[in-house]
A.B. asks: 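Here you go, one structure.
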Amino acid sequence: MAIKIMIVDDSPFSRTIIAETLTDGGYEVVGEADSLETTLEMYTKTKPDIVTMDIAMPEADGFEVSRALLRQDPKAKIILSSSMKDEETELEAKRVGICGYVQKPVEADNLFEVIRKVLSPDTLFQELLSRGLDTFKEALSQNITRMAKTSVSFIEDAEIEDPYRSKGVTTIIGIIGQYTGTMILDLSFEVAEKIAETILRRPAKNPEEVLAMVSELANIIGGIACSMLNKREKALGLRVSPPSMFHGNSAELVSPSVKIQKSLAETEYGVIFLGVGFKKGSTLWM
Amino acid sequence: MDVTIINPILSAFTEILPQLGFQQIEKKKVSLVGSTFAYDGVLLNIAMIGSIKGVILIGMSAEGAKSFASKMMMGMEVVEFDKLAQSAISEMGNMVCANACTQFSKIDVGGLDISPPTLMMGQGQATLPVPQAIIIDFTCDSIDVKIYVGLA
């Protein structure tokens, strides 16, 4: 069965050109739209596999229409077609959740390639999901062993129970790149205090010193894990945010938009919770 | 800290909330605090990375969060702050912060992207990775919302 495509463009000329290109390529053009309303209506009616989306349209632009469409169907696969090709347009498209990008005037081979890749399984992402947690565990284990002179063993790998209840000190690091993600480190203040004492070779002077140590440790683990992943697969381009910390916590935490994989690291000082999750934004940029 | 850094976030917030069904979005006050402050209720953490880096937190009381989620779901009753409500608040944060990236790019602060949101539910202290954080107090259809900006 032919792959069903819907074209969103305010210019009848552009729509005709894209439709002809697609039909020649063996795709079935099931609908055309030129505004937000007609897009939502036509999408529901025709249920296309792919939507091509112009950026510049007179009322709602391609980003707004894409947002509305993704609100209606988060699984909608949208390929942006635009004469502009600059970093900010690409970033905006990624943030919106658009899958792919072709430059206008649309070249047939380029468009077919993007469609093929958008519809094929994303192996880079699958690999990141299967390798991600292990890489963070390795970075945690190496650095805790090196800095706090204790061996680390992992006692549990499972999906995080939802919601996870903090042991008192939570550090969150955000990750961006080809995919975005989150690293969560959580431990009790007592465990943090003992680790700080070993690293400092004296008891911490105050709680702030303990928290600063945890923050630094999380920063190192997140940074090293992401560079290990980048080294293996350059296309990931992962970068980390500085850590935000939550302490004296009596709190539960959840990441509604990401599936967090968790692990518990057992050290002689106590248990450290590690949670890592990645999210797919874009799949292809050409 | 340059307080003008909050302008793109203010624009984003006042642009997105009406799209989610809020009618009156009122900025009450902008204040500077140290890097550590107390929170109680629901606190959403979203990191922003690019030519500036850091974190944006969006906080409200537990009751406020339920009303907020209810409003987003067209008045549907929210008795428990359940998965659906958590997802609604996270989605709001995601939309506001993604839009803030766009607003930043308009003033030539480009190349920004955001991490997926993490939601803390309870109480405790938060410490942001900046010496001073900016707190913006909003009232959105009589729900108090605080935005904490820790960007540098």
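When reading the values below, keep in mind they use all heavy atoms of this one structure, side chains included, and skip hydrogens, waters and symmetry mates. Residue numbers start from 1 in every chain, and the chains themselves are labelled A, B, ... in the order their sequence lines are given, proteins ahead of strands.
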A.B. asks: Does the side chain of B/Gln103 pick up a donor-acceptor pair with the side chain of B/Glu15 at under 3.5 Å?
C.D. replies: yes
A.B. asks: Heavy-atom distance under 4.5 Å to chain A: side chain of B/Leu43, backbone, both or neither?
C.D. replies: side chain
A.B. asks: Check A/Asp134 with A/Arg131, please: is the shortest side-chain N to carboxylate O separation under 4.0 Å?
C.D. replies: no
A.B. asks: Please determine, among B/Val55, B/Thr36, B/Thr102, B/Leu128, the option with the most heavy-atom pairs under 4.5 Å with chain A.
C.D. replies: B/Thr102
A.B. asks: Does any heavy atom of chain A fall under 4.5 Å from the side chain of B/Leu57, the backbone, both, or neither of them?
C.D. replies: side chain
A.B. asks: Relative to chain B, which segment of A/Ile176 carries a heavy atom at a distance below 4.5 Å: side chain, backbone, both, or neither?
C.D. replies: both
A.B. asks: Identify which part of A/Thr170 has an atom lying under 4.5 Å from any heavy atom of chain B, answering side chain, backbone, both or neither.
C.D. replies: side chain
A.B. asks: Is the gap between the ring centers of B/Phe68 and B/Phe22 under 6.0 Å?
C.D. replies: yes
A.B. asks: Relative to chain B, which segment of A/Val96 carries a heavy atom at a distance below 4.5 Å: side chain, backbone, both, or neither?
C.D. replies: neither
A.B. asks: Tell me, side chain or backbone of B/Asp113 under 4.5 Å from chain A's heavy atoms, or both, or neither?
C.D. replies: both
A.B. asks: Among the options B/Ile114, B/Asn94, B/Leu112, B/Ile49, pick out the one with the most heavy-atom pairs lying under 4.5 Å from chain A.
C.D. replies: B/Ile49
A.B. asks: Highest number of heavy-atom pairs under 4.5 Å with chain A: which of B/Gln123, B/Met95, B/Glu91, B/Lys53?
C.D. replies: B/Gln123
A.B. asks: Among A/Thr171, A/Thr182, A/Ile173, who wins on heavy-atom pairs under 4.5 Å with chain B?
C.D. replies: A/Thr182
A.B. asks: Would you call A/Asp186 and A/Lys167 a salt bridge, using N to O less than 4.0 angstrom?
C.D. replies: no
A.B. asks: What's the spacing between A/Thr180 OG1 and A/Arg95 CZ if we round to 0.5 Å?
C.D. replies: 12.0 Å
A.B. asks: Whether the B/Tyr148 and B/Asn45 side chains hold a donor-acceptor pair (N or O, under 3.5 Å, no angle test) is what I'd like checked.
C.D. replies: no
A.B. asks: Measure from the side-chain N and O atoms of A/Asn249 to the backbone N and O of A/Ala251, and report whether any donor-acceptor pair falls under 3.5 Å.
C.D. replies: no
A.B. asks: Counting heavy-atom pairs under 4.5 Å to chain A, which of B/Ser35, B/Gly111, B/Pro129, B/Pro116 comes out on top?
C.D. replies: B/Pro116
A.B. asks: Select, from A/Gly177, A/Gly168, A/Gly248, A/Ser215, the one with the greatest count of heavy-atom pairs under 4.5 Å involving chain B.
C.D. replies: A/Gly248
A.B. asks: Quick check on the interface: out of B/Cys101, B/Cys97, B/Gly122, who has the most heavy-atom pairs with chain A under 4.5 Å?
C.D. replies: B/Cys101
A.B. asks: Between A/Leu253 and A/Ser166, which heavy-atom pair has the shortest distance, and what is it?
C.D. replies: CD2-CB, 4.1 Å
A.B. asks: Give, as side chain, backbone, both or neither, the part of A/Glu252 having an atom under 4.5 angstrom from any heavy atom of chain B.
C.D. replies: both
A.B. asks: Between A/Phe278 and A/Phe125, is the ring centre distance below 6.0 Å?
C.D. replies: no
